[in-house]
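Along the sequence shown, residues are numbered consecutively beginning with 1.
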Amino acid sequence: MEVLNPSPVLCWPPTMWLTYQVIMNASGLTQDQVLSQVVPESLRPRTPQEGAHGRRALTGLREFGLVMQDDAGLLSADRLPDATTFLRMLRHRVVVPPATVSADFAGAPDLRSGLVWLMRQSPLVPLHYESVQTEMPEGLFTNDTRWNAFRWWSQALGFSQPALTALSKASDQKSKIVPDPTEAVVEAIRAPFGDPLPRNEQLPIGRLLDFLRAELPVLPGHPSATYEGLTDNDDHAVRVLGLALSSAEQRGVLSMAYQSDPSGVMALPDAQDYGRSRYISTVTIKG
């Protein structure tokens, strides 16, 4: 599914969650019955394309395999406790290589390619449609509408943040983002789809990196985190991941340390001493 293409309107996570809740709380409804609750007929004349955002959200839920439809056309969905859990599932379906889900699962190739690219950019340089067109995967952003869809999705899934005014004071500030996968990284550590990392014991930093690449396979270093024409920038990739790990440490999710004679070392840009590197060999997961 091309989620960045407005056809006729964008597929958007909050509308998907609203639609999911209707189906989750009343399994066995038809598509028309679901849409009548998401976008009541009395409101449709005042919505884009007569409630097209609701139809697009339902299509997205089906294509991502989050909602099931039986032979009679009745819809059902697993019961989830909150929107955070829903976004966690949606993020997983977006970032994993489609073939790992099923042979007929398409995923969101446009959004996934954009996230692979984003995770290789500097977290200190605000990104805007006009400044990145020549650097993006070919054909990904053909207009600023697709860019806006990407920045909204990347923020919702925990891979970017709005650019700070201090980084750029241009008039188009609101449409700029910086890569920051902190939310996605913290969620992956706290609620992984695979086996969790052990708590309160020192682990080699390489084990954490392998774990994060498996949970979030758009991160640099995963075999599938690539696209045609990709140009590697290891320095930027380390800076983006370093930002996420430093932020997770500040939140008390983990702690990082350096031991003498380590078996593996990662040099992270030090958030408290710009221009210098902080050498990490072990990490302890706390919570």
*Which value, rounded to the nearest 0.5 Å, describes the distance between Arg120 atom CZ and Thr226 atom OG1?*
6.5 Å

_Approximate separation, where rounding is to 0.5 Å, of Thr85 OG1 and Leu90 CG_ = 12.5 Å

*Ignoring hydrogens and angles, state whether a donor on the side chain of Asp32 or Thr30 is under 3.5 Å from an acceptor on the partner side chain.*
no

*Report the distance from atom CH2 of Trp17 to atom CG of Leu61, rounding to the nearest 0.5 Å.*
10.5 Å

*Non-hydrogen atoms of Met1 and Gly60 that approach each other most closely*: SD-CA, 3.5 Å

*Between atom SG of Cys11 and atom CE of Met16, what is the distance when rounded to the nearest 0.5 Å?*
4.5 Å

*Is there a donor-acceptor pair closer than 3.5 Å between any side-chain N or O of Arg56 and the backbone N or O of Val9?*
yes

_Could you check whether any side-chain heavy atom of Thr19 comes within less than 4.5 Å of a side-chain heavy atom of Val67, counting everything from C-beta outward?_
no

*Angle class for the Phe64/Trp153 ring planes (parallel below 30°, perpendicular above 60°, tilted otherwise)?*
tilted

*Nearest atoms (heavy-atom pairs only) where Pro123 meets Val240*: CD-CG2, 3.9 Å

*Are any side-chain N or O atoms of Ser154 and backbone N or O atoms of Arg151, one a donor and one an acceptor, separated by less than 3.5 Å?*
yes

*With a 4.5 Å limit on heavy-atom distance, are the side chains of Val94 and Val3 in contact?*
no

_Ignoring hydrogens, what is the shortest heavy-atom contact between Ala106 and Pro98? Give both atom names and the distance._
O-CG, 3.5 Å

_Using a 3.5 Å distance criterion without hydrogens, assess whether the side chain of Arg93 forms a donor-acceptor pair with backbone atoms of Gly107._
no

*asked:* Is there a path of hydrophobic side-chain contacts, each under 4.5 Å between heavy atoms, that joins Val38 and Met24?
replied: yes

*Are the side chain of Gln250 and the backbone of Ser246 linked by a donor-acceptor contact shorter than 3.5 Å?*
no

_Donor-acceptor contact present, side-chain Arg278 to main-chain Met256, <3.5 Å_ = yes

*Which pair of heavy atoms, one from Ala77 and one from Met68, lies closest together, and at what distance?*
CA-CE, 4.1 Å

*Consider only side-chain heavy atoms of I, L, V, M, F, W and Y, link residues closer than 4.5 Å, and tell whether Leu219 and Val253 are in one cluster.*
yes

*Hydrophobic cluster membership, Leu216 vs Val116, 4.5 Å side-chain cutoff*: yes

*Evaluate the criterion side chain to side chain contact (heavy atoms under 4.5 Å, CB included) for residue pair Ile177 and Leu118; output intermediate values, then yes/no.*
CA-CA 10 Å; Ile177 58 172; Leu118 183 66; 4.2 Å; yes

*Would you mind reporting whether Asp78 and Tyr20 have side-chain heavy atoms less than 4.5 Å apart?*
yes

_I'd like to know if Val39 and Leu29 are part of one continuous hydrophobic network [Ile/Leu/Val/Met/Phe/Trp/Tyr, side-chain heavy atoms within less than 4.5 Å]._
yes

_Asp180 (side chain) donor-acceptor with Gln161 (main chain) under 3.5 angstrom_ = no

*Distance (rounded to the nearest 0.5 Å) between Leu10 CG and Asn5 CG*: 8.5 Å

*Run the numbers on Leu245 and Leu212 for side chain to side chain contact (heavy atoms under 4.5 Å, CB included), then give the verdict.*
CA-CA 11 Å; Leu245 294 180; Leu212 289 176; 4.0 Å; yes

*Min side-chain heavy-atom separation Pro179-Arg239 under 4.5 Å*: no

*Full working for side chain to side chain contact (heavy atoms under 4.5 Å, CB included) between Glu187 and His92*: CA-CA 11 Å; Glu187 276 292 308; His92 181 70; over 6 Å; no

Do any side-chain atoms of residues 188-210 form donor-acceptor pairs under 3.5 angstrom with protein atoms, and if so which ones, sequence neighbours left out?
{"from": "Arg199", "atom 1": "NH1", "to": "Leu197", "atom 2": "O", "distance (Å)": "3.2"}
{"from": "Arg199", "atom 1": "NH2", "to": "Ile189", "atom 2": "O", "distance (Å)": "3.4"}
{"from": "Gln202", "atom 1": "OE1", "to": "Gln259", "atom 2": "NE2", "distance (Å)": "2.5"}

*What are the two closest heavy atoms between Ala244 and Thr182, and how far apart are they?*
CA-OG1, 3.4 Å

*With Glu183 as reference, evaluate Arg91, Arg251, Arg88 under the salt bridge (charged side-chain N to carboxylate O under 4.0 Å, His left out) test and give the passing residue.*
Arg251

_Is it true that Thr145 and Asn148 share a donor-acceptor pair across their side chains at a distance under 3.5 Å?_
no

*For the residue pair Pro13 and Leu87, establish whether any side-chain heavy-atom pair is separated by less than 4.5 Å.*
yes

*For the pair Trp117 and Trp147, name the ring-plane relationship: parallel under 30°, tilted 30 to 60°, perpendicular over 60°.*
perpendicular

*For Ala248 and Val186, work out which heavy atoms get closest and say how close.*
CB-CG2, 4.0 Å

*Are there more than 12 heavy atoms of other residues, nucleotides or ligands under 6.0 Å from atom CG of Asn25?*
yes

*Roughly how far, to the nearest 0.5 Å, is the CE atom of Met119 from the OG atom of Ser160?*
7.5 Å

*I would like to know whether Lys286 and Leu254 meet side chain to side chain contact (heavy atoms under 4.5 Å, CB included); could you show each step before the answer?*
CA-CA 5 Å; Lys286 295 183 175 181; Leu254 53 81; 5.7 Å; no

